[in-house]
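Shown next, in structure tokens, is the structure this report addresses.
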Amino acid sequence: MKELDRENIWRRADGSGRPLVHTYSIVARDPETGQLGVAVQSHYFATGSIVTWAEAGVGAVATQSVADPAYGKLGLDLMRTGKSALDTLAGLLASDSLKSIRQVAMVDSQGRVAAHTGSSTIPEAGHIVGDGFSVQANMMLKNSVWPAMAEAYRSAKGELVVRLLAALDAAEAEGGDIRGRQSAAILIVEGQGTGRPWHDTIFDLRVDDAPEPLLEIRRLVSIRRAYIHMRRADVASESSDLDTMEREYAAAERFIGENPEMRYWHAIALLGHGKTDDGIAMLREVAARDRNWVELTLRLPATFLRADSSLTERIRNLLK
């Protein structure tokens with residue numbers, strides 16, 4: 001491409017309002033659970049609003065460089081019809097006159113992967129396609145960023161969210177975006193869709209503007225894990241599986257840290273199952289930091305807490 005042509009393309013892209021999301025990201029499918037995910041970090045405000053796309057049972061997409069969000073929307077639409085990630089990306093690139101400045105990666109529900117780094121993306125830029133994943137980066141400080149991401153993802157153990165975060169950390173350790181850090185996002189969905197995206201989405205977290213976005217996204221992942229465990233505890237409580245309920249609430253409390261939310265609802269569950277002394281003791285512990293939790297308890301409807309007059313009095317006494 002002639003230098004003048006490259007300059008004109010960049011001018012057109014910038015002038016048309018397309019976001020210049022120079023960044024590093026990973027798309028992946030977990031072969032054990034089928035979960036599909038995409039994670040990203042960039043020196044660009046609210047990168048997750050542009051780069052990350054995923055749908056349960058369909059696939060995941062990262063669209064960046066001079067990003068066109070249509071790759072996310074149309075990519076998922078085409079993969080939903082059964083097209084592979086490779087065929088989907090090839091078809092979209094064929095109709096894109098600005099493909100030389102795009103960087104896109106896709107993984108479908110069968111773990112098939114496709115990636116593209118345009119010839120005019122700003123160095124250092126490149127991608128690596130592996131077994132069920134792709135890492136990609138542009139405008140990096142060094143060309144070792146995406147190889148480090150691939151190695152970190154392959155080496156990491158545990159849940160998909162853990163391995164995606166490991167890849168992001170490895171990129172940053174290699175110098176990351178030449179401009180520094182600003183935002184991050186992680187989106188993980190179930191391997192099979194139910195038609196209820198609010199149920200199928202496991203993680204949908206964004207740090208739009210922060211000095212250390214990867215530290216913040218890890219903190220949010222921990223909080224989200226707490227709520228996942230609390231939901232499991234609630235399900236166990238409804239079926240009177242108290243051993244599982246206790247185990248899941250304990251896990252939720254570990255992940256949430258100083259926030260009393262999980263401890264409070266654990267106390268309410270204990271009271272609801274007739275474990276009055278244990279529930280009151282736990283509620284007293286929560287109330288020691290903020291008496292408003294006791295006031296909230298007195299306002300709960302009967303569906304939350306089937307309290308007789310003696311239990312209500314014991315709860316009220318916590319305010320004295």
Side-chain angles (χ1 to χ4, degrees), residues 35 48 56 158-159 161-162 165 184-190 194-210 212-213 215-320:
Q35 291 177 1
E159 300 172 40
V161 65
V162 172
L165 290 173
I186 189 163
L187 175 59
I188 298 177
V189 296
E190 297 284 5
T194 65
R196 297 175 294 165
W198 58 91
H199 180 77
D200 298 337
T201 301
I202 306 169
F203 292 92
D204 186 5
L205 304 172
R206 297 177 182 178
V207 177
D208 289 342
D209 184 40
E212 296 290 345
L215 293 179
E216 180 63 8
I217 202 76
R218 278 188 175 276
R219 187 184 72 83
L220 296 180
V221 164
S222 183
I223 294 173
R224 172 58 181 156
R225 279 177 152 177
Y227 279 91
I228 290 172
H229 283 288
M230 186 174 76
R231 183 176 64 185
R232 293 172 182 168
D234 291 342
V235 171
S237 176
E238 289 172 5
S239 61
S240 296
D241 182 355
L242 300 190
D243 288 342
T244 299
M245 182 193 81
E246 291 278 20
R247 184 171 61 252
E248 292 296 338
Y249 269 125
E253 289 157 25
R254 287 196 302 272
F255 279 115
I256 203 68
E258 293 299 314
N259 188 324
E261 185 85 16
M262 307 303 165
R263 195 74 170 159
Y264 173 74
W265 291 112
H266 188 175
I268 296 304
L270 289 171
L271 293 173
H273 284 285
K275 292 184 171 292
T276 305
D277 290 341
D278 291 342
I280 289 292
M282 197 172 290
L283 185 57
R284 180 181 292 109
E285 176 189 325
V286 173
R289 290 189 283 177
D290 188 345
R291 289 157 52 91
N292 282 346
W293 291 100
V294 177
E295 184 62 40
L296 169 62
T297 307
L298 294 170
R299 298 181 185 186
L300 291 177
T303 52
F304 282 85
L305 185 64
R306 289 181 287 274
D308 58 22
S309 59
S310 65
L311 176 56
T312 301
E313 186 61 25
R314 289 188 67 179
I315 294 170
R316 186 174 287 110
N317 285 338
L318 295 176
L319 291 171
K320 296 180 180 179

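Predicted model only: the values in this text are computed from it and were never measured.
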Could R231 and E248 be called an ion pair, given the rule that one side-chain N must be under 4.0 Å from one carboxylate O? no
For the OG atom of S237 and the NE2 atom of H273, what is their distance to the nearest 0.5 Å? 3.0 Å
Shortest non-hydrogen contact from A185 to G48? CB-CA, 3.5 Å
Once rounded to the nearest 0.5 Å, what's the spacing between atom CG of L296 and atom CZ of R291? 14.5 Å
When you measure from the side chain of D308 to the backbone of L311, do you find a donor-acceptor pair of N or O atoms at a distance under 3.5 Å? yes
Yes or no on side-chain contact (heavy atoms from CB on, under 4.5 Å) for T201 and I188, after CA distance, side-chain angles and deciding distance? CA-CA 6 Å; T201 301; I188 298 177; over 6 Å; no
Once you round to the nearest 0.5 Å, how far does NZ of K275 lie from CE of M282? 10.5 Å
To the nearest 0.5 Å, atom CG of D204 lies from atom CG of L220 at 11.5 Å
Between I256 and Y227, which heavy-atom pair has the shortest distance, and what is it? CD1-CE1, 4.1 Å
Using 0.5 Å steps for rounding, measure from the CD1 atom of I223 to the CG atom of L205. 9.0 Å
Any chance you could lay out the side-chain contact (heavy atoms from CB on, under 4.5 Å) test for V189 and Q35, step after step, and finish with the verdict? CA-CA 6 Å; V189 296; Q35 291 177 1; over 6 Å; no
Restricting to ring-ring contact (aromatic ring centres under 6.0 Å, His included), what partner residues turn up for Y249, sequence neighbours left out? H266
What verdict does the side-chain hydrogen bond (donor to acceptor under 3.5 Å, both in side chains) test give for T244 and R247, after you've listed the backbone C-alpha separation in whole Å, the side-chain angles of each residue and the deciding distance to 0.1 Å? CA-CA 5 Å; T244 299; R247 184 171 61 252; 3.3 Å; yes
Is the shortest heavy-atom distance from the side chain of D277 to the side chain of R314 under 4.5 Å? yes
Closest non-hydrogen contact found for A56 with D200 is CB-CB, 3.5 Å
Minimum heavy-atom separation for L305 and G272, please, with both atom names. CD1-N, 4.1 Å
Check whether any side-chain heavy atom of R289 lies under 4.5 Å from a side-chain heavy atom of E258, and answer yes or no. yes
Return the orientation label for the W293 and Y264 ring planes: parallel under 30°, perpendicular over 60°, tilted otherwise. tilted
Which pair of heavy atoms, one from A252 and one from M230, lies closest together, and at what distance? CB-N, 3.9 Å
In Å, rounded to the nearest 0.5 Å, how long is the span from CG of L165 to CD1 of I186? 4.5 Å
Apply side-chain contact (heavy atoms from CB on, under 4.5 Å) to residues F203 and L187 and explain how you reach the verdict. CA-CA 5 Å; F203 292 92; L187 175 59; over 6 Å; no
Would you say the side chains of D241 and S239 form a donor-acceptor pair under 3.5 Å? no
A side-chain contact here means heavy atoms from C-beta on lying under 4.5 Å apart; do L319 and L298 qualify? yes
Between L270 and G279 the two heavy atoms that sit nearest each other are CB-CA, 3.9 Å
Salt-bridge contact E159-R225 (side-chain N to carboxylate O under 4.0 Å): yes
Determine whether a donor-acceptor pair (N or O, by modelled atom type, separation under 3.5 Å) exists between the side chain of R224 and the backbone of I202. yes
